[in-house]
Amino acid sequence: MTTAEPLVAHRVFLSYAYDDHALAQRITQALAQSGVSTAQHWETSSAEELMTRLRENIRKSDVVVVLLSPAAVMSRWVSTEIQLALSRDVDKRGAELIPVLAAPTDVPSALRDRALVDFTEDVNAGLRQLVEQIQATSRTDFSAMSPRAFEELVADLLRAAGFRLSEARHRPEPGVDLRATYERTDPFGSPETEAWLVQAKLYSHQRVSVDAIRQLAGSLAMAPAGTRGLLITNAQLTSVALDYVAELERSPHVRLRVLDGVELKRLLRRFPQVAARHSHGRMDKSEPRADGDS
């Protein structure tokens with residue numbers, strides 16, 4: 001049980017069994033070399049005090065890394081730390097849980113839908129992947145981005161996720177920045193293509209208003225049947241916007257997905273190579289930034 005805190009905004013919590021202490025130390029050293037300072041084990045007087053410290057540190061963390069091994073799977077403390085990391089209040093903060101396969105073992109059911117960082121074949125390659133994934137969101141400075149740069153970031157993320165994109169250059173539909181398609185397979189093995197209308201919204205201080213979502217929903221209502229909508233933003237939604245999204249989810253006619261700032265951070269960690277490509281972009285001085293104008 002170790003916490004690591006970067007020199008920038010990130011906090012990383014490392015969960016592992018005692019048998020995996022040596023590997024945990026290698027990870028700690030790799031994080032230190034990338035600018036992450038590491039705190040060692042805590043001195044506590046009781047199990048109750050330790051639980052309190054665990055809860056506090058995990059709640060404050062931006063990333064929780066869990067080393068999975070036969071010993072870790074059997075560890076009561078590692079199991080407790082996974083449960084705390086998956087708790088609702090930690091999830092709402094956008095904290096990411098990254099499972100690391102330290103040795104061949106059965107992955108806990110709660111983590112089976114998450115991408116593993118595999119250390120079993122090549123520890124050094126695994127370390128590089130882990131560090132890149134942790135650094136992904138800290139590389140991306142939204143305050144230095146223009147709306148156009150944010151749109152390009154969104155486009156790159158969607159391509160990495162498997163979408164094919166074409167820019168809506170003339171933007172005949174209000175609130176549509178990109179058109180995308182996604183290939184999937186139906187339950188009978190036949191390919192099918194989904195059409196998506198995408199809106200990218202960059203904000204500095206404001207939250208996402210209901211008007212931005214209504215604009216995209218209106219374009220969806222005029223689009224061919226089956227077209228889906230996607231709004232990606234670095235901000236959070238207002239309570240009115242959240243209620244409107246919940247109302248749309250109950251409608252069979254408008255299929256709209258919103259990725260807010262929390263989910264955008266997760267997407268950046270999923271594709272750290274995209275975050276790296278956009279890490280040095282600066283706002284074009286000729287293009288002033290205004291909330292929600294992207």
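Computed from a prediction, not measured in an experiment: that's the story for all the values here.
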Once rounded to the nearest 0.5 Å, what's the spacing between atom [atom1] of [X] and atom [atom2] of [Y]?
| X | Y | atom1 | atom2 | value |
| --- | --- | --- | --- | --- |
| Arg277 | Leu157 | CZ | CG | 8.5 Å |
| Phe271 | Gln133 | CZ | CD | 10.5 Å |
| Leu248 | His253 | CG | NE2 | 12.0 Å |
| Thr28 | His21 | OG1 | NE2 | 8.5 Å |
| Lys265 | Asn234 | NZ | CG | 11.5 Å |
| Asn124 | Gln129 | CG | CD | 13.0 Å |

Side chain of [X], backbone of [Y]: donor and acceptor closer than 3.5 Å?
| X | Y | answer |
| --- | --- | --- |
| Thr233 | Lys201 | yes |
| Asp20 | Leu23 | no |
| Ser79 | Ser75 | no |
| Asp243 | Ala246 | no |
| Gln199 | Gly175 | yes |

Check the surroundings of atom [atom1] in [X]: do more than 12 heavy atoms from other residues, nucleotides or ligands lie under 6.0 Å from it?
| X | atom1 | value |
| --- | --- | --- |
| Glu48 | CD | no |
| Arg164 | CZ | no |
| Met222 | CE | no |

Please say yes or no: joined through hydrophobic side-chain contacts below 4.5 Å, possibly via intermediate residues, are [X] and [Y] part of one cluster?
| X | Y | answer |
| --- | --- | --- |
| Phe150 | Leu259 | yes |
| Leu101 | Met74 | no |
| Leu84 | Val73 | no |
| Val198 | Leu165 | yes |
| Ile82 | Met51 | yes |

To check you understand the geometry: which heavy-atom pair defines the closest contact between [X] and [Y], and what is its length?
| X | Y | result |
| --- | --- | --- |
| Ala72 | Val78 | O-CB, 3.6 Å |
| Gly229 | Trp196 | O-CZ3, 3.7 Å |
| Ile58 | Glu81 | CD1-O, 3.8 Å |
| Ala241 | Val208 | CB-O, 3.5 Å |
| Glu194 | Arg184 | OE2-NE, 2.8 Å |
| Ala235 | Asp260 | O-CB, 3.4 Å |

Answer whether the closest heavy-atom distance between the side chains of [X] and [Y] falls below 4.5 Å.
| X | Y | result |
| --- | --- | --- |
| Leu68 | Val100 | no |
| Leu67 | Phe119 | no |
| Leu242 | Val258 | no |
| Thr193 | Pro191 | no |
| Thr185 | Glu192 | no |

Can Arg257 and Glu263 be said to form a salt bridge (Lys or Arg N to Asp or Glu O under 4.0 Å), step by step?
-> CA-CA 11 Å; Arg257 179 81 163 87; Glu263 292 184 278; 2.8 Å; yes

Arg148 vs Glu152, salt bridge (Lys or Arg N to Asp or Glu O under 4.0 Å): CA-CA, chis, key distance, verdict | CA-CA 6 Å; Arg148 177 65 177 173; Glu152 291 172 352; 3.6 Å; yes

Using only heavy-atom distances, determine whether the side chains of Thr120 and Asp118 contain a donor-acceptor pair under 3.5 Å.
-> yes

Can you check side chain to side chain contact (heavy atoms under 4.5 Å, CB included) on Leu237 and Ile213, steps first, answer last?
-> CA-CA 10 Å; Leu237 276 65; Ile213 303 172; 3.8 Å; yes

Which atom pairs, one a donor and one an acceptor, fall under 3.5 Å between side chains of residues 102-110 and the rest of the protein, sequence neighbours left out?
none

Which is it for Leu158 and Leu230 under the side chain to side chain contact (heavy atoms under 4.5 Å, CB included) test, yes or no, and what are the steps along the way?
-> CA-CA 11 Å; Leu158 291 178; Leu230 176 64; 3.7 Å; yes

Partner set under side-chain contact (heavy atoms from CB on, under 4.5 Å) for Thr227, not counting sequence neighbours = Ala195, Leu197, Leu220, Ala223, Pro224

Would you check, one step at a time, whether the test side chain to side chain contact (heavy atoms under 4.5 Å, CB included) holds for Val65 with Tyr16?
-> CA-CA 9 Å; Val65 176; Tyr16 61 94; over 6 Å; no

Tyr182 vs Phe163 aromatic rings, parallel, tilted or perpendicular, using cut-offs 30° and 60°?
-> tilted

Show your reasoning for whether side chain to side chain contact (heavy atoms under 4.5 Å, CB included) applies to Ile98 and Val66.
-> CA-CA 6 Å; Ile98 304 176; Val66 181; over 6 Å; no

